[in-house]
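Here's the structure we're looking at; comments come further down.
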Amino acid sequence: MELKDYNSLSTAELRERIVKAKQKKSAVLLVHNYQTQDVQAAADYLGDSLGLAREAEKVDASIIVFCGVDFMAETAKILNPNKKVLLPDLRAACPMAAMIDAETLREAKKKYPEAVVVTYINSTAEVKALSDICCTSGNAIQVVKSLGNRQILFTPDKNLALYCQAKTGADIIPWQGHCYVHDNFKVSHLETAKAAHPDALFIAHPECRREVLELADVITSTSGMVGYIDDHQALIRDRGVIVGTEIGLVEQLIVNYPELPIFPLSPTGICATMKLTTLPKIAWCLENETNEILLNESIRQQAYNAVKRMLEIG
Ligand code: 13P
Ligand code: SF4
């Protein structure tokens, strides 16, 4: 069957096919918090980049279908060279990861020979391979602190780099990449949301700009946000919460906590490539074992060192 044939199947039929194919082939669906709600509902594991990397490390299956973007699927492959990792739509790329390439990083390393290279997991395997250690939004502060007072070349997210600098006082040279979704959140979005919900708390993802983060009550990863809301339900019932991240996570929170006043910082915060994954594409790529992620083995091994070093820290 071709992809177009899967597009004409009902949601119930697609779900059934996915469950059957998973059993038959020993496959799991690892799903990021920004995926659409119907994809999230099909997840064996749902989480942030750190949780997904940890899950990919211990997964007991022959096939991983990664419902997220390219760097996440690549990370799963870096950790599981002997497993088949499938990405339902190969166009699902993170634009931030494309804001640095191996050649430019090589040049920067010559310019700052003393610096440790800390690379956000939102990067290609080639860039990870040239880095000393990776980090995610969930452990960036811990990773930076683990490096003592060494100078750090932090790639590719300038906002996460500046956040780490402000939190740790480390000597950080930020790369000039950014996430277009989070970088588009402005103080004016918060002012509008606060005008409607004046008592609401504001929780923000560290990919947001510094001036937005300065107004946040809590700064954390997507799963950190889920954990915070789960732990503070009484407070949020009382005050409400404005959530500064991509809409898929906000929708997940609204579904899981229907009685809590949860508001998006902006409904326009949509990561287009995260939405490329659909149930028909999942069923198609799993049944046909197509869209496999393949990496050059020497790059994979070098990238593995940087990812593994991160996972050993936090
Ligand atoms: P998390 O690791 O916090 O889920 O973030 C991933 C991401 O791509 C944020 O834009
Ligand atoms: Fe990349 Fe931003 Fe999309 Fe996350 S939300 S995958 S950083 S573009």
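Each residue takes its place number in the sequence, starting with 1. Whatever order the structure lists ligands and atoms in, that order sets their numbers, starting from 1. Everything numeric here is computed off the predicted structure, so don't read it as measured data.
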* Asked: For His32, is the nearest heavy atom under 4.0 Å from an atom of ligand 1?
  ->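 It does; at least one heavy atom falls under 4.0 Å.
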Can you find an N or O of [X] that's nearer than 3.5 Å to an N or O of ligand 1?
X	result
Thr136	no
Asn33	no
Ser221	no

Quick one: which ligand 2 atoms are inside 4.0 Å of a heavy atom on [X]?
X	value
Asn122	7 (S)
Tyr180	8 (S)
Pro95	8 (S)

For [atom], the protein heavy atom that lies nearest, with its residue and separation:
atom	result
atom 2 (Fe) of ligand 2	Cys179 SG, 2.3 Å
atom 2 (O) of ligand 1	Ser49 OG, 2.8 Å
atom 3 (O) of ligand 1	Ser137 OG, 2.6 Å
atom 3 (Fe) of ligand 2	Cys271 SG, 2.4 Å
atom 1 (Fe) of ligand 2	Cys94 SG, 2.4 Å

* **4.5 Å side-chain heavy-atom contact, Leu86 and Thr290** => no
Ionic contact status for [Y] with [X], cut-off 4.0 Å:
X	Y	answer
Arg239	Asp199	no
Asp44	Lys22	yes
Arg300	Glu297	yes
Glu107	Lys111	no
Arg106	Glu103	yes

Just jot down the ligand 1 atoms closer than 4.0 angstrom to any heavy atom of [X], in number order.
X	result
Asn122	7 (C), 8 (O)
His182	10 (O)
Tyr34	7 (C), 9 (C), 10 (O)
His205	1 (P), 3 (O), 5 (O), 9 (C)

* In one Ile/Leu/Val/Met/Phe/Trp/Tyr side-chain cluster, 4.5 Å: Val65, Leu295 ->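 No; tracing contacts between hydrophobic side chains, which count when under 4.5 Å, never links both residues.
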* Structure fact -> Exactly one of Leu153, Asp157, Leu160 clears side chain to side chain contact (heavy atoms under 4.5 Å, CB included) with Trp175, and that residue is Leu153
* Minimum-distance pair of heavy atoms, taken over all atoms of Ile78 and Ala303 ->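 Heavy atoms of Ile78 and Ala303 come nearest at CD1-CB, 3.7 Å.
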* Of all heavy-atom pairs between Val144 and Phe154, which one has the smallest distance, and what is that distance? -> CG2-CE1, 4.2 Å
* Mind checking whether atom 2 (Fe) of ligand 2 has an N, O or S of His182 under 2.8 Å? -> no
* Per-residue contact class, Glu207 against ligand 1 - non-hydrogen pairs under 4.0 Å -> side chain
* Backbone N or O of Ala76 within a donor-acceptor pair of the Asn80 side chain at under 3.5 Å? ->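 Pair found, side chain donor or acceptor close to backbone of Ala76.
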* Side-chain (Arg209) to main-chain (Asp183) donor-acceptor, under 3.5 angstrom ->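 Yes: the side chain of Arg209 pairs with the backbone of Asp183.
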* Is the closest heavy-atom distance from Glu207 to ligand 2 below 4.0 Å? -> yes
